[in-house]
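Chain letters run A, B, ... following the sequence lines, proteins first and then strands; every chain starts at 1.
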Number of protein chains: 2
Amino acid sequence: MMRKNITLKDIARELEVSVSTVSKALKNSNEISRDTREKIQAFARLYNYKPNNIAISLKNKRTKNIGVVIPDIVHHFFTTVFRGIEKYANGKGYNVIVCVSDESFDKEVINMEMLANGSIDGFIMALSAETQLRGDYAHLRQVAEQGIPLVLFDRVTEEVPCDKVVINDEEAAMQAVEHLIRSGKRRIALITNESYLHVSAMREKGYRRALKDHGIPFDDTLVLRLPYQFEEEELSRQFFETRKFDAVLSVNEIFAIRGMRLARGQGYRIPEDISFIGFTDGMLSRYSIPTLTSVAQHGEEMGACAARLLIGKVEHEYDETDPGSYRTEVIRASLIERESTLPGLPGS
Amino acid sequence: MMRKNITLKDIARELEVSVSTVSKALKNSNEISRDTREKIQAFARLYNYKPNNIAISLKNKRTKNIGVVIPDIVHHFFTTVFRGIEKYANGKGYNVIVCVSDESFDKEVINMEMLANGSIDGFIMALSAETQLRGDYAHLRQVAEQGIPLVLFDRVTEEVPCDKVVINDEEAAMQAVEHLIRSGKRRIALITNESYLHVSAMREKGYRRALKDHGIPFDDTLVLRLPYQFEEEELSRQFFETRKFDAVLSVNEIFAIRGMRLARGQGYRIPEDISFIGFTDGMLSRYSIPTLTSVAQHGEEMGACAARLLIGKVEHEYDETDPGSYRTEVIRASLIERESTLPGLPGS
DNA sequence: AAAGGGCACGAAACCGTTTTCGTGTTAATA
DNA sequence: TATTAACACGAAAACGGTTTCGTGCCCTTT
């Protein structure tokens, strides 16, 4: 006895009034007499009337959906951001459609096209690695031209004019390195990925600047560049065996954790012999042995911020050709000190 | 110069034909002459015509969206399942709308109602803790009555007739305990959460059965029940200080990792003095020290299976009053052996 | 030459709302 | 009593498609 959802027309027929009357009555329009209103509302309640979202969307060209396109969902940072987005959006009555680009340019394009034809009111995205590598942002510009608001977070590019939410990567890396220097370390290694990721480049920049500011020469042999999320044990092993350093800054959590394991395996004490700091304060940092000092990115805050910017654009008019109407919000990272570093000197 | 998306009507006006002709031409209907078809198609391509998804949804009462309601998104297992759902659904041309219930009954209800009015073609859900605690499934039944297909995974209930995807929790727990027993352990502790979660209850059942099958008496003092995701260090500490055991089975990863840390803190060697096995094979299991033997739940497979079942129901007629039309798929868990357990005796 | 049959296209209904613009009735005003 | 305003409601268009059912025209057939 599957009772299909009841429509305005059904109510109108049953109560022998017109659909327009029903529609108005349900919105409590005082164009309709008190009597009729109450009768219609009672009937609607009785039969559990719920307006059809699709029809409403078609009518007012607003779906109350926002599209989120991210490179990966099984990833602590992205899910944290997503939580922030979802919470804020839900509070504003929006639903969230997620598409995963899997770090692939093509999937990113396809996903955006699927959604850009009426399914959503705006996009929140982090660019896939491949997209950043190719530097092809035509699909983003096209969406912008259609008048669909777009907010980029974390994995952003300067080549597309839109709202952005980033962390102060360069500064955060600097501060992390300075923290190491203050605790007496001088030979500081960097573990990063092949640098087509904008964020990695920024972090490396901060790393170099901190060294320079403290008169420590940059040594390229102390930089280990690993393929993205590829378990290249051999490269790392060699690095830890042949290079001498007393601290490590890693652009992500995994590389740091794997580094710590290798270092311990080779008999180093952490943090006495080698200190470690990683970016992305996830589960691993909190539960590793030793626990990992890390740069917290406040993903939930980023997500909420991105959603706020997007919904602002969706609900209010703006001139999308005016670069001045776009904001870039910086969510400041903070260093969470744990066992993998020595405390800095007091008074700093 | 925001050029809005072009519509059938625009094309029709420009080419001086009717909308129906345009519609048919674009679908390559041979009701339309070759000439006209080509002209219209060329024009459409030139102006980058894309049909409006919302209009299509309204017309054929199919949104090609599926709704996923899960208790938490910053959670390795759920995101893994989600990835499976997303991949399969995307392959079939579906988009996925995610709502997070935050383990709250009310949010679960509200989210479902938001989506049930035309936004989606079907639901995939894992029940919130609070919903299971209350045992109130009216919102699920209501959705089913509306003819909206529903698939439950992992956090399921027998009280709602629908498709389900579960793991063989009881059996997997049994096998884990047997693995411990085979490696010579006899006093096996269980760390679980307050058992209104169906899965936890099942795992405890398997734990008990394994003990019984091997003639080991069940000892209630060896069961530690922790509040859900609540960092109750004191309870755990007491447990590890006052009870004597040589192995631990934990219903999740976190409890196991925290247990290992406590045990090591008290001078126990792992796995020689105490072995550990945890459920949910996530990041922590792979990177902890020692690495944690764990029961892998194959989340991605579960997700794909759930999506397959759902889309099957969405696209084909079925009798929702016939219990025989519902399937329960069991995805078998597998034990991943790592450093936290001794290998079982050979030949087993 | 009349009948029949394709062919190529258009009109219109429909999906479920919202919203504008009448319009008939009643009550208040001049 | 005639005018007008307020009131309560309905008709119809609109959102952007799909689909059914005509229908006019031309060509073939008897």
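Residues in residues 15-30 of chain A take part in these salt bridge (Lys or Arg N to Asp or Glu O under 4.0 Å) pairs, two or more places apart or across chains: Lys24(A)-Glu31(A). Sorted by first and then second residue, the salt bridge (Lys or Arg N to Asp or Glu O under 4.0 Å) pairs involving residues 56-71 of chain A (not counting sequence neighbours) form an empty list. Residue pairs meeting the salt bridge (Lys or Arg N to Asp or Glu O under 4.0 Å) criterion with at least one member in residues 35-53 of chain B, sequence neighbours excluded: Arg34(B)-Glu38(B).
Following rounding to the nearest Å, Tyr47(A) (OH) and dG16(C) (C1') show an atom-to-atom distance of 20 Å. The distance from atom CZ of Arg62(B) to atom P of dT18(D) is 15 Å, rounded to the nearest whole Å. Rounded to whole Å, atom P of dT19(C) lies 12 Å from atom CG of Leu8(A). Distance Asn117(A) CG to dG17(D) C1': 13 Å, rounded to the nearest Å. Counting to the nearest Å, the P atom of dA13(D) and the NZ atom of Lys9(B) are 12 Å from each other. One interatomic measurement links the two molecules: NZ of Lys27(A) to P of dT17(C), which rounds to 10 Å at whole-angstrom precision. Between Ile11(A) atom CD1 and dG16(C) atom C1' there is a gap of 12 Å when expressed in whole angstrom units. As rounded to whole Å, 11 Å separates atom P of dC9(D) from atom CG of Leu15(A).
For the segment residues 49-60 of chain A, the set of residues with a heavy atom within less than 4.0 Å of an atom of DNA chain D comprises Leu58(A), Lys59(A), in numerical order.
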Could you pull out every donor-acceptor pair under 3.5 Å between side chains of residues 89-100 of chain A and any protein atom, sequence neighbours left out?
unit_1, atom_1, unit_2, atom_2, d
Asn90(A), ND2, Glu86(A), OE2, 2.9
Tyr94(A), OH, Glu315(A), OE2, 2.9

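In this structure Arg327(A) satisfies the side chain to side chain donor-acceptor pair (under 3.5 Å) test together with Glu329(A), sequence neighbours excluded. Considering only residues two or more places apart in sequence or on other chains, Gln132(B) meets the side chain to side chain donor-acceptor pair (under 3.5 Å) condition with none of them. Partners of Lys313(A) under the side chain to side chain donor-acceptor pair (under 3.5 Å) rule, at least two apart in sequence or in another chain, are Asp163(A). Legend: residues meeting salt bridge (charged side-chain N to carboxylate O under 4.0 Å, His left out) with Arg13(A), ordered by chain and number and at least two apart, are Asp10(A). Under the rule for a side chain to side chain donor-acceptor pair (under 3.5 Å), the partners of Lys107(B) that lie at least two apart in sequence or sit in another chain are Asp102(B).
Across all strands shown, Ser23(B) has heavy atoms under 4.0 Å from base atoms, whether or not it also approaches the sugar-phosphate.
Note that the two end axes of the helix from dA1(C)-dT30(D) to dA30(C)-dT1(D) enclose an angle of 70°, each drawn from 5 base pairs, rounded to 10 degrees.
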Nucleotides 6-10 of chain C: which of its N/O atoms have a protein N/O under 3.5 Å away?
unit_1, atom_1, unit_2, atom_2, d
dC9(C), OP1, Thr36(B), OG1, 2.7
dC9(C), OP2, Ser33(B), N, 2.8
dC9(C), OP2, Ser33(B), OG, 2.9
dC9(C), OP2, Thr36(B), OG1, 3.0
dC9(C), N4, Glu31(B), OE2, 2.4
dG10(C), OP2, Ser18(B), N, 3.0
dG10(C), OP2, Ser18(B), OG, 3.1
dG10(C), OP2, Thr21(B), OG1, 2.2
dG10(C), O6, Lys24(B), NZ, 2.5

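A salt bridge between Arg155(B) and Glu103(B) is present, with a side-chain N of the basic residue lying under 4.0 Å from a carboxylate O of the acidic one. Ion pairing between a basic and an acidic side chain is recognised when a charged N comes within 4.0 Å of a carboxylate O; Glu158(B) and Lys164(B) show no such pairing.
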